[in-house]
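Take a look at the structure set out below.
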Number of protein chains: 2
Amino acid sequence: MLEDRRLAVLRAIVEDYVSTHEPVGSKALVERHHLGVSPATIRNDMAALEDEGYIAQPHTSAGRVPTDRGYRLFVDRLSGVKPLSSPERRAISEFLDSSVDLDDVMVRTVRLLAQITKQVALVQYPSLSRSNVRHIELIALSTTRLIMVLITDSGRVEQRTIECLGPITEVALGDVRARLLVAVSGQPFSSIPEILSAFSGQFPAEMQPLVTIIQATLLEAVTERIDERVVLGGTAHLARYGEAFPLSIQPVLEALEEQVVLLRLLGEASTNNMVTVRIGHENPVEGMESTSVVTARYGIANSAAASLGVIGPTHMDYAGNIAAVQAVAQYVGRILDEQ
Amino acid sequence: MLEDRRLAVLRAIVEDYVSTHEPVGSKALVERHHLGVSPATIRNDMAALEDEGYIAQPHTSAGRVPTDRGYRLFVDRLSGVKPLSSPERRAISEFLDSSVDLDDVMVRTVRLLAQITKQVALVQYPSLSRSNVRHIELIALSTTRLIMVLITDSGRVEQRTIECLGPITEVALGDVRARLLVAVSGQPFSSIPEILSAFSGQFPAEMQPLVTIIQATLLEAVTERIDERVVLGGTAHLARYGEAFPLSIQPVLEALEEQVVLLRLLGEASTNNMVTVRIGHENPVEGMESTSVVTARYGIANSAAASLGVIGPTHMDYAGNIAAVQAVAQYVGRILDEQ
DNA sequence: ACTAGCACTCCGGACTTGTGAGTGCTAACA
DNA sequence: TGTTAGCACTCACAAGTCCGGAGTGCTAGT
């Protein structure tokens with residue numbers, strides 16, 4: 001009962017602060033939310049909440065502001081998930097129709113997400129490591145150079161140029177290509193290293209240099225290249241907070257330029273299919289202490305999976321953003337499945 | 001003589017303003033630059049320069065600030081080209097060595113440019129329309145789907161998925177592939193439409209659907225896809241100007257999210273090989289009135305060409321940026337030639 | 001357990017003032 | 001005629017002062 005009201009107060013504080021961006025006081029609170037008690041009572045609750053570390057005052061005689069811990073409690077226990085509005089659903093389905101290409105899907109998704117959340121959006125390309133090989137092609141460009149094209153069942157196309165020491169014969173290349181195709185086609189990336197380990201044995205000695213370098217390149221493509229690409233959009237939304245907040249955007253912009261950092265932000269998402277929220281200092285990245293990250297994994301029928309999400313100030317609309325991220329993740333998974 | 005000094009004054013004003021970012025007054029001017037005259041004389045010159053529209057004062061009794069027109073005169077007649085420092089040259093050549101991939105070159109270039117100019121950098125992918133076809137590949141993914149991979153001599157790889165109505169036979173596809181390869185291999189993109197116009201005639205009627213759709217896809221790839229990709233880097237540098245300037249970064253960030261806008265900014269570069277500078281209002285893009293754009297074309301031995309450049313506030317270090325853009329453009333051209 | 005009242009704190013806006021950088025003008029000078 | 005010195009004038013900006021109001025914590029009363 002008493003506990004209940006305290007939580008209600010916390011929720012009210014978070015909601016008000018998110019919408020007004022100003023410290024919220026006891027009086028304003030009772031006026032805006034019809035809690036049936038007087039400001040004085042609220043003040044007692046606030047004092048208790050402050051003791052427990054859920055809220056704080058920027059300075060004496062100012063209203064209260066939620067702390068990271070307060071937001072945490074809010075998203076864990078208090079925030080419902082706002083259903084998306086119908087224009088939003090419409091936008092998603094419109095975007096759904098006209099995708100032609102994996103790149104296209106990624107770009108459209110990131111735009112969509114940025115647009116409906118009004119935040120910075122991130123979308124990771126489907127992970128190669130959980131993909132299967134759909135096709136592999138070796139194409140001679142000159143007598144010493146060839147290009148390897150790798151196509152996954154998630155629609156991704158990887159290419160690598162290979163420089164050979166000796167000249168390549170048309171016949172040898174065709175031979176390698178044919179056998180390689182048989183060996184790896186349809187196989188998951190994770191099993192490629194094993195397959196390759198016994199591969200070169202079937203070729204005569206004079207072809208070994210060629211086979212070896214091709215093999216090495218392929219191996220590199222499926223393993224070392226676990227560093228994935230992330231597309232980014234909606235950075236302009238950062239400027240909205242510009243001066244108004246401790247969130248000085250410089251470090252954030254810098255962080256967003258590093259692929260590695262983006263991956264860290266997206267990475268280590270929840271094990272299950274739910275949305276993950278990292279609030280303020282919970283973020284593993286320096287310079288992002290006053291931002292929150294909302295992420296979700298999107299899966300392509302278990303064959304490949306990656307993450308997407310949004311980044312915004314800690315005082316974001318968690319309910320709305322969680323709903324948006326979740327919905328978009330579902331849609332994207334579905335689209336990629338269809339392809 | 002008198003004219004000469006006035007120009008010297010303008011140059012001094014621009015240089016001081018660029019380094020301090022504060023309106024510069026007559027007294028400070030004579031102290032910092034050893035013009036052999038008194039402040040009063042300078043004031044007369046300044047008044048003249050103001051009448052001609054080269055400088056302006058933000059408010060009475062403030063120093064003078066160059067106008068767009070002032071900058072224009074400065075870059076056209078007054079600014080020497082700063083040679084790059086040796087660490088800069090070293091950075092460029094280090095970057096030069098370790099490029100493996102077209103994508104890699106683009107990413108590295110944009111980073112490099114952003115780093116040495118401390119501005120936002122843009123690099124356009126080599127234009128397809130001036131490229132030659134190095135190889136074309138058709139790969140069946142299923143009985144009704146195939147993927148077309150197009151490799152240009154600038155190292156770019158384009159892929160397209162093609163959905164056929166009827167089932168594809170291995171033989172038919174091989175036939176089309178072989179003839180297509182012969183027909184277009186080594187040809188410039190610009191001549192592909194002509195080549196294709198007579199292409200389908202050589203196939204029997206039952207193969208027409210297949211040939212037609214492949215042909216259409218290829219045609220689309222070489223023509224409609226003149227919309228080029230642009231990579232972007234160094235946006236964090238924008239934040240440096242953050243509040244300090246009329247350059248509110250929101251519209252700029254927004255503009256930078258649109259590929260089309262980026263192309264407009266890069267586009268219409270100078271006819272010759274020199275660097276182009278667009279100052280403030282000279283920019284064709286709304287919201288970029290207080291930014292300048294420095295661009296140059298980089299060519300790959302006449303076969304393909306595109307632009308790169310930097311974007312910064314009008315009070316940028318023109319001499320330095322022009323030198324950097326020019327140097328980087330040369331290096332990139334050279335690297336892509338080698339590949 | 002809640003509320004009313006009260007004294008206290010302190011941020012932030014408004015207002016004032018003073019200072020200094022900068023200007024334009026005029027008159028003297030080479 | 002071009003340059004300089006001197007001077008009165010303007011005005012942004014910083015510092016200082018003041019005051020109101022929002023908000024708090026505490027205590028006593030319901």
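Since this is a predicted model, take the numbers as computed values, not measurements. Note on naming: letters A, B, ... go to the chains in the order of the sequence lines (proteins, then strands), and numbering restarts at 1 for each one.
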Just the atom pairs and distances: protein N or O near nucleotides 4-8 of chain D's N or O, under 3.5 Å.
| unit_1 | atom_1 | unit_2 | atom_2 | d |
| --- | --- | --- | --- | --- |
| D:dT4 | OP2 | B:Ser38 | N | 3.0 |
| D:dT4 | OP2 | B:Thr41 | OG1 | 2.5 |
| D:dG6 | O6 | B:Arg43 | NH2 | 3.4 |

Every protein N/O lying under 3.5 Å from an N/O of nucleotides 9-15 of chain C:
| unit_1 | atom_1 | unit_2 | atom_2 | d |
| --- | --- | --- | --- | --- |
| C:dT9 | O2 | A:Ser61 | OG | 3.2 |
| C:dC10 | OP1 | A:Thr60 | OG1 | 3.3 |
| C:dC10 | O4' | A:Ser61 | OG | 3.4 |

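At least one side-chain heavy atom of A:Val328 sits less than 4.5 Å from a side-chain heavy atom of A:Thr109. Residues A:Leu122 and A:Val310 fail the side-chain proximity criterion, which asks for heavy atoms closer than 4.5 Å.
Electrostatic pairing of B:Arg72 and B:Asp76 counts as a salt bridge here, judged by a charged N lying under 4.0 Å from a carboxylate O. Using a cut-off of 4.0 Å between Lys/Arg side-chain N and Asp/Glu carboxylate O, B:Glu52 and B:Arg6 are scored as salt-bridged. Salt bridge annotation for B:Asp317-B:Lys118: absent, with no cationic side-chain nitrogen under 4.0 angstrom from a carboxylate oxygen.
Straight-line distance from the CD1 atom of A:Ile42 to the C1' atom of D:dA22: 17 Å, rounded to whole Å. The CG-P distance, from B:Asp45 to D:dG2, rounds to 11 Å in whole Å. Per the geometry, CZ belonging to B:Arg64 stands 17 Å off P belonging to C:dA21, to the nearest Å. A:Asp16 places its CG atom 15 Å from the C1' atom of D:dG23, with the value rounded to the nearest Å. For the pair B:Gln57 CD and D:dA12 P, the interatomic distance rounds to 11 Å; values are reported in whole Å. Atom CE of A:Met46 is separated from atom C1' of D:dG23 by 9 Å (rounded to the nearest Å).
Rounded to 10 degrees, the angle separating the terminal helix axes of the helix from C:dA1-D:dT30 to C:dA30-D:dT1, each built from five base pairs, is 30°.
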Would you list the atom pairs, donor with acceptor, under 3.5 Å between side chains in residues 25-42 of chain A and any protein atom, with sequence neighbours excluded?
| unit_1 | atom_1 | unit_2 | atom_2 | d |
| --- | --- | --- | --- | --- |
| A:Ser26 | OG | A:Arg43 | NH1 | 3.4 |
| A:His33 | NE2 | A:Asp16 | OD1 | 3.4 |
| A:Ser38 | OG | A:Ala40 | N | 3.3 |
| A:Ser38 | OG | A:Thr41 | OG1 | 3.4 |

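In plain terms, the two heavy atoms of B:Val277 and B:Glu282 that are nearest each other are O-OE1, 3.9 Å. Contact record, B:Ala296 with B:Val275: CB-CG2, 4.2 Å, taken as the closest heavy-atom pair. A pairwise comparison of heavy atoms in A:Val230 and A:Gln259 identifies N-OE1, 3.0 Å as the closest pair.
A heavy atom closer than 4.0 Å to some atom of DNA chain D occurs in A:Gly25, A:Ser26, these being the qualifying members of residues 25-32 of chain A.
Listed by first and then second residue, the ring pair (Phe, Tyr, Trp, His ring centres under 6.0 Å) pairs involving residues 63-91 of chain B are B:Tyr71-B:Tyr318 (not counting sequence neighbours).
Interatomic distance, A:Glu286 CD to A:Glu254 CD, rounded to the nearest 0.5 Å: 10.5 Å.
Remark: of the listed residues A:Ile249, A:Val110, A:Leu256, A:Leu256 is the sole one forming a side chain to side chain contact (heavy atoms under 4.5 Å, CB included) with A:Val120.
In this model, no donor atom of one side chain and acceptor atom of the other lie less than 3.5 Å apart for A:Gln326 and A:Gln330.
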